[in-house]
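Shown next, in structure tokens, is the structure this report addresses.
Side-chain atoms are counted along with the backbone in the values below, which use heavy atoms only and exclude waters and symmetry mates. The chains referred to below are lettered A, B, ... by the order of the sequence lines, with proteins before strands, and numbering in each begins at 1.
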2 protein chains.
Amino acid sequence: MRTPDELTVLFRSSGRKVTAQRQCIFRLLQGDETHPSAESVHVAAQLEMETISLKTIYQTLHDLTELGEIAALDVGTGRTRFDPNVEDPHHHLVCQVCGSVRDLVVDFPDMSLPAGADLGFELGTAEVIFRGLCPDCRKATSARSSPGVPVGRPA
Amino acid sequence: MRTPDELTVLFRSSGRKVTAQRQCIFRLLQGDETHPSAESVHVAAQLEMETISLKTIYQTLHDLTELGEIAALDVGTGRTRFDPNVEDPHHHLVCQVCGSVRDLVVDFPDMSLPAGADLGFELGTAEVIFRGLCPDCRKATSARSSPGVPVGRPA
DNA sequence: TGTCAACTAACAATCATTGGTGATACCTTG
DNA sequence: CAAGGTATCACCAATGATTGTTAGTTGACA
Ligand SMILES: [Mn+2]
Ligand SMILES: [Mn+2]
Ligand SMILES: [Zn+2]
Ligand SMILES: [Zn+2]
């Protein structure tokens, strides 16, 4: 996604108003590689604006998605994750324990389908999701007894 | 998954009882390649047993998943899809319009990650989801602007 | 400065799924 | 076959993430 300043221009030119809470969300998303959920954006935003409502978070994330500035991901963790990185196509690593999501910048060269394998489908995107254990949860699992916090905000 | 008869033995040997409704579900899943949701299994089951409850469907699908006889998939259509094919590893084609899911029997040879790309993750499974248009929806889309009845939420 | 979108708070509704009742049916083992 | 215990059913409630609604207030910006 673009910089908060560029988003300000974009929002205005698309008939939207630029409020303090929206700019707060712009700033929070800027450079965030954790693929945050609406909920976790809300928590982070509340540190700067105590009264910001979850509704506003959803609203703004929806707007940003509509404008193509961020991507809404469903990686099977139960909540929609938002990805500010829409510039370079990439895939994802998803931790099966804590649900943390990391970018996978590898491009797979040989993912085209053999003739006839598409079954008449008109192919669009191909998304690859690697599931496994993040460094933290791997440590916790191998160290014994301490299971990772189920759903939450990984470091 | 195994045949209904084999599942009957398996259920008994795992301390579960084999009821008429469970056998009905076994039969329905047998050879079903549509990756049905709990809801659609219920609809199909009601044709044979009018009073079978959705609760029972969920219960039995859960049991089958627990036993590893079927797989529970989240392909982003809003409902869990169940896959009786757990024998050969495969990927999936998902229609962006109607949510239909088809198997993709292609094995991608070069999906291992370059050294260092795993970021400390302990890799488990790699699932590939191709999104596009199924034959039916492709026809409907190119012919006119009225798509088929959406079965799931549009991605 | 005035207008209208955006915000908040509080609440209801959605949708897939799971969890509780009791009451009844019926599978399985002895 | 009979007993005991699980499964099922109908009904209804509770999740949890998300969206909608209302009403009153703030604030962006032309
Ligand atoms: Mn990403
Ligand atoms: Mn499949
Ligand atoms: Zn983890
Ligand atoms: Zn389709």
Side-chain angles (χ1 to χ4, degrees), chain A residues 4-5 7-26 35-43 45-46 48-67 72-82 99 150-153, chain B residues 4-5 7-26 35-43 45-46 48-67 72-82 99 150-155:
Chain A
D5 282 350
L7 290 177
T8 295
V9 175
L10 180 63
F11 260 52
R12 292 215 178 100
S13 68
S14 65
R16 276 168 258 249
K17 293 186 176 175
V18 179
T19 65
Q21 23 280 87
R22 286 182 173 179
Q23 284 176 315
C24 173
I25 296 172
F26 295 167
H35 305 79
S37 64
E39 179 66 30
S40 61
V41 171
H42 186 219
V43 171
Q46 280 179 314
E48 300 187 26
M49 308 183 67
E50 324 80 38
T51 68
I52 192 170
S53 81
L54 184 54
K55 199 85 206 295
T56 300
I57 307 290
Y58 274 113
Q59 161 101 295
T60 303
L61 290 174
H62 185 262
D63 283 349
L64 285 168
T65 303
E66 211 168 64
L67 292 169
L73 305 179
D74 180 359
V75 292
T77 52
R79 312 206 243 305
T80 299
R81 309 291 283 259
F82 296 91
V151 175
R153 272 262 303 189
Chain B
D5 282 352
L7 290 177
T8 295
V9 175
L10 180 63
F11 261 52
R12 291 215 177 102
S13 69
S14 65
R16 278 168 255 249
K17 294 187 177 176
V18 179
T19 65
Q21 23 280 80
R22 286 182 173 179
Q23 283 176 316
C24 172
I25 296 172
F26 294 168
H35 305 78
S37 63
E39 179 66 31
S40 61
V41 171
H42 186 219
V43 171
Q46 280 178 314
E48 299 186 28
M49 308 184 67
E50 322 80 37
T51 68
I52 192 170
S53 82
L54 184 54
K55 200 84 200 295
T56 300
I57 307 290
Y58 274 114
Q59 161 99 295
T60 303
L61 290 174
H62 185 264
D63 283 349
L64 285 168
T65 303
E66 211 169 62
L67 292 168
L73 304 178
D74 180 358
V75 293
T77 53
R79 310 205 247 301
T80 299
R81 308 292 283 259
F82 296 91
V151 168
R153 105 164 103 93

Is there a side-chain contact between B:Val75 and A:Asp74 in this structure, where contact means two heavy atoms from C-beta onward sitting under 4.5 Å apart? no
Nearest-Å distance for atom pair NE2/C1', residues B:His62 and C:dG19: 13 Å
With respect to the phosphate group of D:dG16, does any side-chain polar atom (N or O) of A:Arg79 fall under 4.0 Å of OP1 or OP2? no
Rounded to whole angstroms, how far apart are CZ on B:Arg22 and P on C:dA25? 19 Å
C:dA6 phosphate, OP1 or OP2, under 4.0 Å from A:Thr19 side-chain N/O: no
Beyond-backbone contact of A:Thr60 with A:Gln21, side-chain heavy atoms, under 4.5 angstrom: no
Mind checking A:Gln21 for me? I need base, sugar-phosphate or nothing, with any heavy atom below 4.0 Å counting as a touch. sugar-phosphate
For A:Ala38 against A:Phe82, the heavy-atom pair lying closest together: N-CE1, 3.9 Å
For a quick check of understanding: with a heavy-atom distance under 4.0 Å over all strands, which category does B:Ser37 fall into, base, sugar-phosphate or nothing? nothing
Among C:dT28, C:dG19, D:dT18, which nucleotide has an atom closest to any side-chain atom of B:Lys55? C:dG19
Indicate whether any N or O donor in one side chain lies under 3.5 Å from an N or O acceptor in the other, for B:Arg16 and B:Ser14. yes
Separation of B:Asp63 atom CG from C:dT18 atom P, in whole Å? 12 Å
Counting heavy atoms from C-beta on, name the nucleotide in C:dT28, D:dT18, D:dA7 closest to the side chain of B:Arg16. D:dA7
B:Ser53 side chain near D:dA10 phosphate (N/O to OP1/OP2, under 4.0 Å): no
Hey, which sits more toward the 5' end of DNA chain C by its nearest nucleotide, B:Thr8 or B:Leu54? B:Leu54
Given C:dT17, C:dT8, D:dC9, the nucleotide with the shortest approach to the side chain of B:Thr56: D:dC9
Counting only side-chain heavy atoms from C-beta out, which of C:dA16, D:dT18, C:dC27 sits nearest to A:Tyr58? D:dT18
On the nucleotide C:dT17, are OP1 or OP2 found under 4.0 Å from the side-chain N or O atoms that B:Thr80 carries? yes
Under the 3.5 Å rule, do the base of C:dC26 and the side chain of B:Lys17 count as making a donor-acceptor pair? no
Separation of atom NE2 in B:His42 from atom C1' in D:dT8, rounded to whole Å: 12 Å
Where the side chain of A:Ile52 is concerned, which of D:dC29, D:dT8, C:dT8 is the nearest nucleotide? C:dT8
Ion pair check, A:Arg22 and A:Asp63, cut-off under 4.0 Å: yes
Using only side-chain N and O atoms of B:Arg12, determine if any of them is under 4.0 Å from OP1 or OP2 of C:dT28. yes
Closest-nucleotide 5' rank along DNA chain D - winner of A:Val18 and A:Gly78: A:Gly78
